[in-house]
Amino acid sequence: MAQKQVRDYIRSIVDFPHEGIVFRDVTTLFADPRGFRMAIDQLLHPYAGMRFDKVVGLEARGFILGGAVAHQLSAGFVPIRKKGKLPGAVISEAYTLEYGEAVVEIHDDAITPGERILLVDDLLATGGTAEAGIRLVERLGGEIIGCAFIVDLPELGGRARLEALDMDVHALCAFDGL
């Protein structure tokens, strides 16, 4: 029997959240100790031997991954949250969604200029949320060394969008279709 890969732990749910969408559910990966450890190890693999000051996680599943990755790197963890969720002084970045706009925020003192940052999230689709996160980190003077994801949905163009910003993009698996 072949050893399970990260993608084998990910559940696909048809017609969620809308008809015609196949939702890639990573909660089944997170719930399995072996799968979760494999995912964290593989997220870190391309960055072995590199120094990071902080890991930035995008709301909400990026928090789960980002905390575990930050622990392994002995780095700090910084959440990027939806508008209105962080107490204290923040900076905001708006970005376009399929229908409308959204805003994400980071504490204005979360990143010190020159800090080396790894951005982490569960899924890369259009890249809008990740790009907004990158812009927030860069506005605070942080240097994004890499962007790591569990799942890439290549047909939605997120990887190309981030690579056009000169970002190093790492994803553990890809799924065709929307």
Side-chain angles (χ1 to χ4, degrees), residues 2-32 34-47 55-70 77-83 85 93-106 117-138 144-178:
Q3 184 176 355
K4 285 178 90 169
Q5 302 298 311
V6 166
R7 75 178 285 128
D8 299 327
Y9 292 95
I10 298 169
R11 174 173 47 192
S12 296
I13 301 174
V14 177
D15 294 331
F16 182 84
H18 307 291
E19 189 173 330
I21 302 289
V22 179
F23 185 81
R24 307 305 177 174
D25 180 18
V26 296
T27 63
T28 48
L29 169 69
F30 295 168
D32 186 283
R34 190 169 280 143
F36 188 51
R37 176 172 285 286
M38 179 190 308
I40 298 305
D41 289 348
Q42 289 180 14
L43 281 174
L44 289 166
H45 183 75
Y47 309 109
V55 174
V56 168
L58 302 175
E59 188 164 327
R61 290 172 298 272
F63 297 171
I64 296 163
L65 295 166
V69 167
F77 174 76
V78 175
I80 291 184
R81 301 221 49 195
K82 293 175 183 169
K83 183 177 174 68
K85 298 288 186 181
E93 186 74 28
Y95 63 100
T96 306
L97 295 168
E98 190 175 354
Y99 303 105
E101 222 181 51
V103 177
V104 289
E105 297 178 327
I106 190 172
I117 309 298
L118 177 62
L119 182 135
V120 176
D121 203 4
D122 68 317
L123 185 121
L124 177 59
T126 65
T129 308
E131 182 177 354
I134 289 164
R135 294 198 186 288
L136 287 171
V137 168
E138 289 179 341
I144 304 274
I145 304 301
C147 301
F149 304 90
I150 300 288
V151 175
D152 181 15
L153 302 177
E155 292 175 30
L156 297 179
R159 177 185 286 272
R161 181 177 187 169
L162 299 186
E163 287 174 346
L165 299 172
D166 289 328
M167 291 294 129
D168 173 65
V169 178
H170 172 56
L172 303 189
C173 62
F175 287 93
D176 294 331
L178 308 178

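FYI, side chains are in, hydrogens and waters are out, and symmetry mates aren't considered; it's all heavy atoms of this structure. All residue numbers in this chain count up from 1 along the given sequence.
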query: Atom CG in Asp25, atom CD1 in Ile13: separation rounded to 0.5 Å?
result: 4.5 Å

- prompt: Just wondering, do Ile145 and Asp168 contact through their side chains at under 4.5 Å, heavy atoms?
  reply: no

field: Value rounded to 0.5 Å, distance of CG in Leu44 from CG in Leu118
entry: 7.5 Å

- request: Using salt bridge (charged side-chain N to carboxylate O under 4.0 Å, His left out) as the criterion, list what pairs up with Glu131, not counting sequence neighbours.
  value: Arg135, Arg161

- line: Closest non-hydrogen atoms of Phe77 and Gly57, given as atom of the first, atom of the second and distance, are CE1-N, 3.6 Å

message: Taking Gln42's backbone N and O only, do any of them form a donor-acceptor pair with His170's side chain (distance below 3.5 Å, no angle check)?
response: yes

Donor-acceptor under 3.5 Å (Arg24 side chain, Ile10 main chain): no

message: Quick one: does any side-chain atom of Arg61 pair with a main-chain N or O of Asp121 as donor and acceptor, under 3.5 Å?
response: no

- request: Evaluate the side chain to side chain contact (heavy atoms under 4.5 Å, CB included) criterion for residues Val104 and Glu59: first the C-alpha distance (whole Å), next the side-chain angles of each, then the deciding distance (0.1 Å), finally the verdict.
  value: CA-CA 9 Å; Val104 289; Glu59 188 164 327; over 6 Å; no

statement: Of all heavy-atom pairs linking Gly133 and Leu58, the shortest is CA-CD2, 4.3 Å

field: Spatial distance of atom CD1 (Ile80) from atom CG (Leu119) [nearest 0.5 Å]
entry: 6.0 Å

message: Using every non-hydrogen atom in the two residues, find where Arg159 and Leu124 come nearest and quote the distance to one decimal.
response: N-CD2, 3.5 Å

task: Could you pull out the closest heavy-atom pair between Val120 and Gly66, with the gap in Å?
output: CG1-N, 4.1 Å

- request: Would you mind reporting whether Leu65 and Ile40 have side-chain heavy atoms less than 4.5 Å apart?
  value: yes

- prompt: What's the shortest heavy-atom distance between Pro17 and Ile21, and which atoms?
  reply: CD-CG2, 4.0 Å

Validation row: Phe149, Leu162 side chains within 4.5 angstrom (heavy atoms): yes

- request: State, to 0.1 Å, how close Leu29 and Ala39 come at their nearest heavy-atom pair, and which atoms those are.
  value: CD2-CB, 3.9 Å

message: Main chain of Gly62, side chain of Asp122: is a donor-acceptor contact present, judged purely on distance under 3.5 Å?
response: no

message: Is any side-chain heavy atom of Lys83 closer than 4.5 Å to one of Glu105?
response: yes

message: Can you confirm whether Lys82 is buried at NZ, in the sense that more than 12 heavy atoms of other residues, nucleotides or ligands lie under 6.0 Å from that atom?
response: no

Within 6.0 angstrom of Gln3 CD, more than 12 heavy atoms from elsewhere: no

message: I'd like to know if the side chain of Asp41 reaches the main chain of Met38, judged simply by a donor and an acceptor atom lying under 3.5 Å from each other, with no hydrogens or angles considered.
response: no

task: Could you check if a side-chain atom of Phe36 sits within less than 4.5 angstrom of a side-chain atom of Val26, using non-hydrogen atoms only?
output: no

message: Set out, in order, the CA-CA distance, both residues' side-chain angles and the distance that settles side chain to side chain contact (heavy atoms under 4.5 Å, CB included) for Leu172 and Leu43, then state yes or no.
response: CA-CA 7 Å; Leu172 303 189; Leu43 281 174; 4.1 Å; yes

- prompt: Is Leu123 close to Phe175 at the side-chain level, that is, under 4.5 Å between some pair of heavy atoms?
  reply: no

field: Test item: Thr28 side-chain N/O and Tyr9 main-chain N/O as donor-acceptor pair under 3.5 Å
entry: yes

message: Please determine whether side chain to side chain contact (heavy atoms under 4.5 Å, CB included) holds for the pair Thr27 and Arg11, giving the CA-CA distance in whole Å, both sets of side-chain angles, and the decisive distance to 0.1 Å.
response: CA-CA 8 Å; Thr27 63; Arg11 174 173 47 192; 3.7 Å; yes

